[in-house]
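Here the structure comes first, spelled out in structure tokens, and everything after it is commentary.
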Amino acid sequence: MFDSLVVPIATYGCEVWGFRNLAVLEKLQLQFCKYILKINRSTCTVMVLGELGRLPIEYVVSCKMLGFWYRLVTGHSNKISCILYKLLVNLEKQNVYSFDWLSHIKKILANCGMENVWDEPNIISVSYTHL
């Protein structure tokens with residue numbers, strides 16, 4: 001219920017703002033989980049999330065951000081969003097300005113051990129299979 005009703009609303013647009021502080025969303029999820037389990041508010045977060053098989057909201061947001069980044073990089077070059085993305089990358093490469101969003105995407109890729117994807121995003125092949 002939380003995933004279908006609350007998460008989509010709470011993470012709306014997180015592809016762009018998701019690198020900011022997510023503490024409020026994490027707290028919301030944790031309070032909901034503790035309410036569902038009817039346990040004390042002082043119960044350890046890891047135990048609560050583990051009991052329900054939940055991941056931190058940060059994981060959901062990071063996945064959405066990477067998906068958005070991948071669509072920007074591999075999308076049609078005439079789309080405004082793709083043009084603006086390329087402009088941001090060029091400004092950062094020229095050391096004119098540093099963008100937090102780009103830095104966060106690089107950080108997510110590095111945490112996944114995929115630093116090389118930043119320079120060569122087309123090495124990822126996305127395939128969909130229908131059963």
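Scope of the values below: all heavy atoms of this structure, side chains included, with no hydrogens, waters or symmetry mates.
- Enclosure of atom CD1 in I80 is not indicated, since only 12 or fewer non-hydrogen atoms of other residues, nucleotides or ligands lie within 6.0 angstrom.
- Placement of M114 and I105 within a single hydrophobic cluster is found when ILVMFWY residues are connected by side-chain heavy-atom separations under 4.5 Å, directly or transitively.
- Interatomic distance, CG of L22 versus NZ of K27, reported as 15.0 Å (0.5 Å rounding).
- Interatomic distance, CG of L88 versus CD1 of I83, reported as 12.0 Å (0.5 Å rounding).
- L66 has its side chain within reach of L109: a pair of non-hydrogen atoms, C-beta onward, lies under 4.5 Å apart.
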Let's go through R20 and D100 carefully: what are the C-alpha distance in whole Å and the side-chain angles of both, what is the deciding distance for side chain to side chain contact (heavy atoms under 4.5 Å, CB included) to 0.1 Å, and is it a yes or a no? CA-CA 9 Å; R20 299 286 182 211; D100 292 339; 3.6 Å; yes

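- Side chains of R71 and S81 form no contact here, defined as non-hydrogen atoms less than 4.5 Å apart.
- Between I108 and F19, every side-chain heavy-atom pair lies at or beyond the 4.5 Å cut-off.
- Under the 4.0 Å criterion applied to side-chain N and carboxylate O atoms, E92 and K106 are assigned as salt-bridge partners.
- Side-chain contact check for C82 versus H76: every heavy-atom pair is 4.5 Å or farther apart.
- Judged purely by atom type and a 3.5 angstrom limit, E26 uses its side chain to pair as donor or acceptor with the backbone of I57.
- Side-chain contact check for T11 and K64: at least one donor-acceptor pair (N or O, by modelled atom type) lies under 3.5 Å.
- Of the possible polar contacts, none joining the E51 side chain to the V46 backbone as a donor-acceptor pair under 3.5 Å is found.
- Atom CH2 of W17 sits about 11.0 Å away from atom NE2 of H104, to the nearest 0.5 Å.
- Taken from NZ in K107 to SG in C112, the straight-line distance is 11.5 Å, to the nearest 0.5 Å.
- The side-chain hydrogen bond (donor to acceptor under 3.5 Å, both in side chains) test applied to S62 returns no partner, not counting sequence neighbours.
- A single hydrophobic cluster is seen to contain both V96 and V89, as judged by linkage of ILVMFWY side chains at heavy-atom distances under 4.5 Å, directly or through other members.
- When side chains are defined from C-beta on, F32 does not count as touching L28, because their heavy atoms never get closer than 4.5 Å.
- Side-chain heavy atoms closer than 4.5 Å link hydrophobic residues (I, L, V, M, F, W, Y) into clusters, and following such links, even through other members, never connects I39 to M47.
- W118 and W69 have parallel rings, their planes meeting at less than 30° on a 0 to 90° scale where 60° marks the start of perpendicular.
- Put simply, the side chain of L102 reaches to within 4.5 Å of the side chain of Y85, judged on heavy atoms.
- When side chains are defined from C-beta on, T43 counts as touching N40, because their heavy atoms get closer than 4.5 Å.
- Here the two rings, on F68 and Y70, have centers that are 6.0 Å apart or farther.
- Annotation: side chain of M1 is not in contact with side chain of I36 (no heavy-atom distance under 4.5 Å).
- Clustering ILVMFWY residues whenever any of their side-chain heavy atoms sit less than 4.5 angstrom apart, transitively, puts V24 in a cluster other than the one holding Y35.
- Few gaps surround CD on E115; more than 12 heavy atoms of other groups in view lie less than 6.0 Å from it.
- The two atoms that bring L49 and Q29 nearest to each other are CD2-NE2, 3.7 Å, heavy atoms only.
- Rounding to the nearest 0.5 Å places NZ of K86 at 14.5 Å from CG of L91.
- Y59 and L25 fall into different hydrophobic clusters, defined by Ile, Leu, Val, Met, Phe, Trp and Tyr side-chain heavy atoms under 4.5 Å apart, directly or through other members.
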